[in-house]
Amino acid sequence: MNQNESLKTAFGYIRVSTHMQEEISPEAQKHELQKWAKQHNILITQWFQDNGISGKKAENRTAFQNMIALAKEKDHPDYILAWKFSRFARNQEESIVYKSLLRKNNVQVVSISEPLPDGPFAPLIERIIEWMDEYYSIRLSGEVKRGMKEKAKKGGYQSAPPLGYRREKGDTVPAIYEPEAKIYRLIKKYFIHDEYNPTTIARTLNDQGYRTRQGNRFEARVIIYILRNPFYIGKIRWNVHKTRKRVINNVVRVERYLAPPDEQILVDGLH
């Protein structure tokens, strides 16, 4: 690619995950892509951006999927430009699949900060970069999980607070949120003093016009979850459930199961 070639077209793809250690901002990525494209006589016709999303699973990236779908059409671009190959994908298996699919349609994925040499070694170097990206992702995931586990052991809360509590931006400890707390007090009263069952509690709350935080009607299973949640007695519960993949009739299914007792964490919370 040089200034003497005819004008080529490209899609610009930007992705930032929740972990910013090695990343630059979306604005900076776009600036660098525009600069590189201009230097190589390439016109970026469309932009696609996924924010706060991991690159390990392409199916979770809406903008990425839209970009791939358009790149498969007859009026496709010549290139897909990304700041790094890791912005395109961190899962090497998926990276190979999508790049192969695009090559069949004469669309090339280019990392503007990781130029590949001309010649037979280019594919090998690209695979090595992909291996390194996937290794980094696995290592980072392990470090994040260890950090979250240590925080849980110290009573720190890391999920969305349950009904009746709220954590404002910048706060580390959830605080009682009165508009929802009154609903919890009613649930507790109906269950302990009036001896209502969860179905009756849900029906009573709905009849009184109360709704869940998401604006939905209360159901018995929601009431049961609230009554069993140890957060309301000052405890933090962590790593109760895990997920695993199983292949059933050639279909990969993700199952949720109860973690072994020695892997679960139940400690006094900071709240």
Side-chain angles (χ1 to χ4, degrees), residues 16-20 50-54 56-57 59-62 141 144-246 248 253-271:
V16 289
S17 65
T18 53
H19 309 295
M20 301 289 291
D50 286 308
N51 289 337
I53 301 178
S54 168
K56 290 191 292 185
K57 293 185 178 180
E59 63 185 20
N60 296 333
R61 293 184 278 156
T62 303
S141 177
V144 170
K145 287 179 181 178
R146 282 192 294 272
M148 295 175 77
K149 184 176 181 179
E150 289 303 313
K151 183 176 180 179
K153 286 181 177 179
K154 296 177 181 177
Y157 198 69
Q158 303 168 88
S159 303
L163 183 78
Y165 286 86
R166 176 171 288 187
R167 183 171 52 193
E168 299 295 340
K169 187 175 182 180
D171 292 344
T172 57
V173 181
I176 292 175
Y177 179 55
E178 196 56 41
E180 294 178 355
K182 63 182 181 181
I183 302 176
Y184 171 74
R185 295 191 187 103
L186 282 174
I187 293 172
K188 182 178 177 181
K189 172 185 177 296
Y190 292 148
F191 185 73
I192 296 177
H193 300 290
D194 299 335
E195 298 184 351
Y196 288 1
N197 63 42
T199 300
T200 303
I201 294 174
R203 185 184 304 118
T204 303
L205 291 175
N206 291 331
D207 290 344
Q208 292 175 347
Y210 292 110
R211 295 294 183 266
T212 67
R213 182 177 292 168
Q214 293 73 32
N216 301 321
R217 294 172 64 86
F218 281 94
E219 300 178 9
R221 60 182 179 84
V222 175
I223 302 300
I224 293 172
Y225 177 81
I226 291 173
L227 291 170
R228 289 178 174 176
N229 192 340
F231 190 89
Y232 294 107
I233 59 171
K235 299 289 184 180
I236 293 294
R237 179 175 58 185
W238 182 255
N239 202 38
V240 178
H241 294 95
K242 290 190 170 186
T243 58
R244 62 190 170 199
K245 292 183 179 179
R246 294 183 61 191
I248 303 176
R253 302 185 184 277
V254 178
E255 296 181 344
R256 194 165 180 256
Y257 67 98
L258 196 65
D262 60 337
E263 294 183 19
Q264 298 181 28
I265 296 174
L266 185 64
V267 297
D268 291 334
L270 299 177
H271 65 295

*Of all residues at least two apart in sequence or in a different chain, which pass the side chain to side chain contact (heavy atoms under 4.5 Å, CB included) check with Arg217?*
Asn206, Arg211

_Please evaluate residues Val173 and Arg167 with respect to the criterion side-chain contact (heavy atoms from CB on, under 4.5 Å), reporting the C-alpha separation (whole Å), side-chain torsions for both, the decisive distance (0.1 Å), and the verdict._
CA-CA 7 Å; Val173 181; Arg167 183 171 52 193; over 6 Å; no

_Side-chain touch Tyr184/Tyr177, heavy atoms, less than 4.5 angstrom_ = no

*Calculate, to the nearest 0.5 Å, the distance between atoms NZ and CD1 belonging to Lys182 and Ile187 respectively.*
13.0 Å

*asked:* Are Phe191 and Ile223 packed together at the side-chain level, in the sense that at least one heavy-atom pair is separated by less than 4.5 angstrom?
replied: no

*Which atom names give the shortest non-hydrogen contact between Glu180 and Gly164, and what distance separates them?*
OE1-N, 3.0 Å

_Tell me if a side-chain donor or acceptor on Asp194 pairs with a main-chain N or O of Tyr196 at a distance below 3.5 Å._
no

*From Ile176 CD1 over to Tyr165 OH, what is the distance, rounded to the nearest 0.5 angstrom?*
4.5 Å

*Considering non-hydrogen atoms only, spot the tightest contact between Pro162 and Arg213 and give its length.*
O-NH2, 2.9 Å

*Measure across Ala202 and Glu219 and return the closest heavy-atom pair with its distance rounded to 0.1 Å.*
CB-C, 3.7 Å

*Could you tell me which residues satisfy side chain to side chain contact (heavy atoms under 4.5 Å, CB included) with Gln208, sequence neighbours excluded, listed by chain and number?*
Leu186, Tyr190, Thr204, Leu205, Tyr210

_Holding to side chain to side chain contact (heavy atoms under 4.5 Å, CB included), I want the full list of residues that pass it with Asp207, two or more places apart in sequence or in another chain._
Arg203

*Look up atom NZ in Lys189 and atom CD1 in Ile201, then write down how far apart they are to the nearest 0.5 Å.*
10.5 Å

*What do you reckon, is CD of Glu178 surrounded by more than 12 foreign heavy atoms closer than 6.0 Å?*
yes

*CG of Leu227 to NZ of Lys188: how many Å apart, nearest 0.5 Å?*
10.5 Å

*Do Tyr232 and Leu163 have side chains that get closer than 4.5 Å, going by heavy atoms?*
yes

